[in-house]
Protein chains: 2
Amino acid sequence: MPNNPTHAQKALLRFFTMGSFEHARKVSAKLHPAEIAELFIQFRRAEQLKFLELILSGQKAGAILSELPEDLTKDLLEEISDDRLAKMIARISPDDAVDLLGYLQEGRINQILEQLSPKERWELERLLLYEEDTAGGIMTTEYIALNHSILIEDAIKQLREKYHTEELSYIYVIDDLNNLIGILPLRQLIFTKTNQILHDVMIPDPIRVQTDTHQKEVARLVSTYDLLAIPVVTADNKLVGVVTVDDIMDVLEEEATADIYHLANLDTDEHVSTPVPRSAGLRIPWLLINLATAILAALTVSLFEKTISQYVALAVMMPIIAGMGGNAGTQSLTVIVRGLALGELDFSTGLPAILKELALGLISGLVNGLVMGLIAYIWYRNFGLAVIMLIAMIANLIIAGAFGAIVPLFLKRFRLDPALGSSIFVTTATDVGGFFVFLGLATLFLHFLIK
Amino acid sequence: MPNNPTHAQKALLRFFTMGSFEHARKVSAKLHPAEIAELFIQFRRAEQLKFLELILSGQKAGAILSELPEDLTKDLLEEISDDRLAKMIARISPDDAVDLLGYLQEGRINQILEQLSPKERWELERLLLYEEDTAGGIMTTEYIALNHSILIEDAIKQLREKYHTEELSYIYVIDDLNNLIGILPLRQLIFTKTNQILHDVMIPDPIRVQTDTHQKEVARLVSTYDLLAIPVVTADNKLVGVVTVDDIMDVLEEEATADIYHLANLDTDEHVSTPVPRSAGLRIPWLLINLATAILAALTVSLFEKTISQYVALAVMMPIIAGMGGNAGTQSLTVIVRGLALGELDFSTGLPAILKELALGLISGLVNGLVMGLIAYIWYRNFGLAVIMLIAMIANLIIAGAFGAIVPLFLKRFRLDPALGSSIFVTTATDVGGFFVFLGLATLFLHFLIK
């Protein structure tokens, strides 16, 4: 059971476990797909399959399945015959249908499409062409477009006749060639005299995106301009779909997860519920890359084996310099990556940000270096060691600031994801740089360290 | 200039730089506050102050200021006299007003409140009582509530007369005592027979939140149930406000930023645009905490100074074990923290997640340990070293999985932020644990290492 089940959820569960499927079906018609999905994930596999039978015949099957964790949805789709799946696909909304088809193998997609009517098939095939993370991939094709020349009163009449079950916030106004020329917020219909034509009351030249606009940019526009939906057009301005704000909320969470995951060197396909073998397959490649960079750092240390063997306190102190560089570098990197994601800076305005991180590296290097120098002096009673700690700390925290700022800005410049892999570059720089500066200084001034 | 300025933005800029303030004011009335804010941040300080004069008299001043970076808004508010600020505060929407007052010192808030009418003052004082990150703190008080007993046609009449400028998606239906008893999506007004009363067509018992509900929970509800707005009630169900989906998008970004920042040990008050001294003040405390944990790791190493001095290759190899633990721990921690944020798991369902991370630690420890063992053997031709690397890698990656999963789950259990400070616990565990296991094993089996 979810933490705070609603009355309807409890009723559905009771009818389902009692085997009163007819009642259960009636109750589930009143629930939001997300509420049904909440119950679904708590079941054991055998119950899930029985529950699947229950919902497959309903209107909400597609919406419920798309609320479930990806891996579970994939498993469940395996259990449904092509025949039944095709029937369900035909019934649910085209954008839910495309999402579900996206979970299947190429071959199975074709088998299912073949069972649909030519019109349904054509529509889905068209939608399947769009990349998943573009406006075309997340848009719905269920929207209201009306010709600019019709009267408000006729528009209201059409709405009442044709569109009474739809979720809608705007009416999209098109010309005779299906070009998007304006929008009309639904509330305007209530406040406008009914003897005017749409053209005279619409908001002309509305904010729009193209089918291939990245979902991040779509989300930025919707969020910046506080829209409830945004129209999607082809390159020549033909209206083909609408992205609604509820999908934008999903995009915002998805993109935030991508940034958080990429900073931690995780694949975005992984979830809490991903089975161990698949998680292992997704994480181990990243760990092996990290291993390679750790070996690079170890090679740096090995250059100074002789120095360390002459003054072994260096082995005790060196992880402090490298570790602090890693931490400071992660701070700089995170501020820049998040700033890029939120549109607070880009490559062209990056220079002040780089200079700021360098300044911060200097200041925090000085503070932490002085503290650590003092501690090193108290610990080993060695003034030379204290001075080397101070200098190495400042140097490595400046390295940290420089790489933390420059790496993501450059990745962005070359149209790569500024979060993806950047932490590997930064920690390699602070490990190799930190060990090299610290042990290098110690080697140069070894006669000050050991008297 | 922003990257892709609109025609209106260009026109505003042209009129402003020409000094035609009257024209500039007219154009700015047509722009979204976010579009004006985009221009604002590109100006130099002297121009910003001139521009501030331009917008202060308009309706959008509050909305524009709240779109600017926090530090800039604070600076600009300093430049406005109490008298003019009070006039502006009285004119803008109460929730924008409260946001702006939030930037001021206690004393100045009171001075400004004193200049308002008793009614305005009472309203703002009431809103100021709510915590910033609760439903009460983010709600707007501009919504439409109508008595359940009125006819649809009268409702439409009231809307036309009183509320024609408002953004609205739902009508909130209240009883005679201002208890929230239902909602009616605006589109229903268009599709419903006008001779019914609201009570008969409303959706009863709508999803709602209380004034002290945390904004994370508000966002979860709006996002899960695809709402355009959610009503806010007092503990005894009196309707007092509404949180709209555009504010929820801001909450989603804010909460994602908080998680990303906390994982990197950053304070959420920091932004790309934060001046260096303030950034330094926010970051250095975290770095000093990290320094303390790094010293703990160094103390662990110092226990084994004698061992290292006998076989200095250990100093070369030990950062690999510690570093790999840090990386694997960050992976585990990030999956769990994000899963908690997205509601995919909680403390009570945490055990499978912990077991999964332990299993992943074992598997990735085995893979990386075998690779590293082989490399260590080739490097130093020392079979004992290779075996110790293998065992220490497995042990430290299990430690990483355990702490990465358990630390955030426990923080959550005690109602603390699972991201805040958790990476410090985890890397301390993998540093101290990694060094201790590796150097401890090396000490125990030193006679295998040096023959």
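In what follows, chains carry the letters A, B, and so on, assigned in the order in which the sequence lines appear, proteins first and then strands, with residues in each chain numbered from 1.
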Less than 4.5 Å to any heavy atom of chain B: does that hold for the side chain of [X], its backbone, both, or neither?
X	result
A:L333	neither
A:A298	both
A:I424	neither
A:V335	both
A:D205	neither
A:T307	neither
A:Y311	neither

Backbone N/O of B:S279 and side chain of A:K356: donor-acceptor pair under 3.5 Å: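 Side chain of A:K356 to backbone of B:S279: no pair is present.
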
A:V312 backbone acceptor or donor facing B:E305 side chain under 3.5 Å: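 Not a single qualifying donor-acceptor pair exists.
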
Side chain to side chain contact (heavy atoms under 4.5 Å, CB included) between B:I295 and A:M372, intermediate numbers included: CA-CA 9 Å; B:I295 291 170; A:M372 190 58 227; 3.8 Å; yes

Nearest-0.5 Å distance that lies between atom [atom1] in [X] and atom [atom2] in [Y]:
X	Y	atom1	atom2	answer
A:L291	B:M393	CG	CE	5.0 Å
B:I284	A:L366	CD1	CG	8.5 Å
A:N265	B:N327	CG	CG	6.5 Å
A:I260	B:I260	CD1	CD1	4.5 Å
B:I248	A:S223	CD1	OG	12.0 Å
B:R187	A:L159	CZ	CG	11.5 Å

Smallest separation among heavy atoms of A:T257 and B:R338, with atom names: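 For A:T257 and B:R338, the tightest heavy-atom pair comes out as OG1-NE, 2.7 Å.
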
Heavy-atom pair with the smallest gap, counting every atom of A:T334 and B:A264: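 Nearest heavy atoms, A:T334 then B:A264: OG1-CB, 3.2 Å.
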
Among A:D226, A:D246, A:L228, side-chain contact (heavy atoms from CB on, under 4.5 Å) partner for B:V245: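 Exactly one pass, corresponding to A:L228.
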
Basic-acidic side-chain contact under 4.0 Å: A:E357, B:R283: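 B:R283 and A:E357: salt-bridged.
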
Engaged part of B:T268 at the chain A interface, taking heavy atoms whose separation is under 4.5 Å: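 Neither; nothing under 4.5 Å.
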
Residue selection (most heavy-atom pairs with chain B, distance under 4.5 Å) from A:A322, A:A315, A:G339: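 That would be A:A315.
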
